[in-house]
Q: 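Please find one structure pasted underneath; my questions will follow.
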Amino acid sequence: DSLVYMCDERIPRSPGPLWGGQGLRALVLLPLNHKGKVLGLLNLASYRPDGVAEETRVGLEIIAAQVAGALARIAAEESLRRSQAHLRSLVNGAPIALVATDAQGRIVFEDGKALAAMGFKPGEHLKQRIVDVHRENPAVLDDVDRALAGEEFSSVVEYGSTLLETHYTPARDPEGRPGGFIAVGTDVTERFRLQRQILEISDR
């Protein structure tokens, strides 16, 4: 995990196409380090008899650091993409509706299998005001007012024959002020139906 500079006499003279077999006069092995972890190895060679000058070494080390940083970013982005894909598969497969708004009540995220039961499509209302989207449902509008005021709570709302148990969590801006909210609604229609059946059986 440390860089190595080799001049003519130190280069391994193995037979075949590697290193010494090509008449190389200088060899540089630059580990691509990022936050204490080796991500790869950059190998450079020279045919010049004077090897690798000091100013060239500095440039090569800067390049190695930049390459290591780029590889780390690529790995982080790939990990983020995998995490997002996993999250999306969970959201799409679970009977939930997930909605997030900004401080002005504009929808910035809208997804989930339960949206279909509400008559909506994922992302259909992005950038729209949530009070406009749900203006026909007074119970939701009351919940939105409480959520935008920074209150955390749960409630059950009705969309036609569908019941959603929804938990509202306020978001905060860097100064700690209310900055919108996240609402996760779970389709509990079947659960409530079974509860009613149990109560009816109990009554009988």
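Note that these values count all heavy atoms, side chains included, but never hydrogens, waters or copies made by symmetry. Here, residue 1 is the first one in the sequence, and each next residue gets the next number.
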Q: Is there a side chain to side chain contact (heavy atoms under 4.5 Å, CB included) between F120 and H125? Walk through the geometry before answering.
A: CA-CA 9 Å; F120 301 150; H125 304 106; 3.4 Å; yes
Q: Is there side-chain contact between L32 and V38, with at least one heavy-atom pair below 4.5 Å?
A: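 No - every pair of side-chain heavy atoms lies 4.5 Å or more apart.
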Q: Please give me the minimum heavy-atom distance between P170 and A147, naming the atom from each residue.
A: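 Closest pair (atom of P170, atom of A147, distance): CB-O, 4.5 Å.
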Q: Looking only at heavy atoms, what is the nearest atom pair of P31 and A64, with distance?
A: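 Between these two residues, the closest heavy atoms are O-CB, 4.5 Å.
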Q: Cut-off 3.5 Å, no hydrogens considered: what does the side-chain donor-acceptor table look like for residues 155-163, sequence neighbours left out?
A:
| unit_1 | atom_1 | unit_2 | atom_2 | d |
| --- | --- | --- | --- | --- |
| S155 | OG | D143 | OD2 | 2.5 |
| Y159 | OH | H134 | ND1 | 2.6 |

Q: Check whether any side-chain heavy atom of F109 sits under 4.5 Å from a side-chain heavy atom of I107, and report yes or no.
A: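 No. Closest side-chain heavy atoms not under 4.5 Å.
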Q: V108, V133: one ILVMFWY side-chain cluster at the under-4.5 Å cut-off?
A: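 No, V108 does not connect to V133 through the hydrophobic network.
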Q: Atom CD in E110, atom CD in Q128: separation rounded to 0.5 Å?
A: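 If I round to the nearest 0.5 Å, the distance is 8.0 Å.
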Q: Heavy atoms, side chains only, cut-off 4.5 Å: are T101 and R106 in contact?
A: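 No. Closest side-chain heavy atoms not under 4.5 Å.
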Q: Roughly how far, to the nearest 0.5 Å, is CG of L115 from NZ of K113?
A: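 The CG atom of L115 is 12.5 Å from NZ of K113, to the nearest 0.5 Å.
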Q: If you link I, L, V, M, F, W and Y whenever their side-chain heavy atoms are under 4.5 Å apart, who else ends up in the same group as L199?
A: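 Under the 4.5 Å side-chain rule, L199 groups with nothing.
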Q: Would you say E124's side chain and K121's backbone share a donor-acceptor pair under 3.5 angstrom?
A: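 Side chain of E124 to backbone of K121: a pair is present.
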Q: Are L39 and L42 connected in the hydrophobic side-chain network, where two residues link if heavy atoms are under 4.5 Å apart?
A: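 L39 clusters together with L42.
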Q: Which value, rounded to the nearest 0.5 Å, describes the distance between I96 atom CD1 and L164 atom CG?
A: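 It comes to 10.5 Å.
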Q: Quick one: do M118 and L126 end up in the same hydrophobic cluster if we chain Ile, Leu, Val, Met, Phe, Trp and Tyr together by side-chain heavy atoms under 4.5 Å apart?
A: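 Looking at the clustering, L126 is in the same group as M118.
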Q: To the nearest 0.5 angstrom, please state how far the CZ atom of R129 sits from the CZ atom of R135.
A: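 Between R129 CZ and R135 CZ, I get 10.0 Å after rounding to 0.5 Å.
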Q: For a quick test of reading the model, state the closest non-hydrogen atom pair linking S154 to H167 and the distance between them.
A: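 It is OG-ND1, 2.6 Å.
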Q: What distance separates L71 CG from K37 NZ, expressed to the nearest 0.5 Å?
A: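 Reported to 0.5 Å precision, the distance equals 11.5 Å.
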Q: Which atom names give the shortest non-hydrogen contact between D111 and P122, and what distance separates them?
A: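 Closest pair (atom of D111, atom of P122, distance): OD1-CB, 3.4 Å.
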Q: Per the salt bridge (charged side-chain N to carboxylate O under 4.0 Å, His left out) rule, what does the pair list look like for residues 65-80, sequence neighbours excluded?
A: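 Checked against salt bridge (charged side-chain N to carboxylate O under 4.0 Å, His left out) - neighbours excluded - the pairs reaching residues 65-80 are E78-R81, E78-R82.
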Q: How would you list, by chain and number, every residue that makes a salt bridge (Lys or Arg N to Asp or Glu O under 4.0 Å) with E151, sequence neighbours excluded?
A: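 So E151 forms a salt bridge (Lys or Arg N to Asp or Glu O under 4.0 Å) with R146.
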Q: Let me have the donor-acceptor pairs involving side chains of residues 178-188, under 3.5 Å, with sequence neighbours excluded, atom names and distances please.
A:
| unit_1 | atom_1 | unit_2 | atom_2 | d |
| --- | --- | --- | --- | --- |
| D187 | OD1 | T189 | N | 3.0 |
| D187 | OD1 | T189 | OG1 | 2.7 |

Q: Can any side-chain N or O of D102 pair as donor or acceptor with the backbone N or O of G105 at less than 3.5 Å?
A: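 Here the side-chain-to-backbone pair exists.
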Q: Other hydrophobic cluster members with L194, side-chain heavy atoms of Ile/Leu/Val/Met/Phe/Trp/Tyr under 4.5 Å, chained?
A: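 ILVMFWY cluster around L194 holds nothing else.
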Q: Return the minimal non-hydrogen interatomic distance between A114 and A97, and the atom names on each side.
A: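 Heavy-atom minimum between the residues: CB-N, 3.7 Å.
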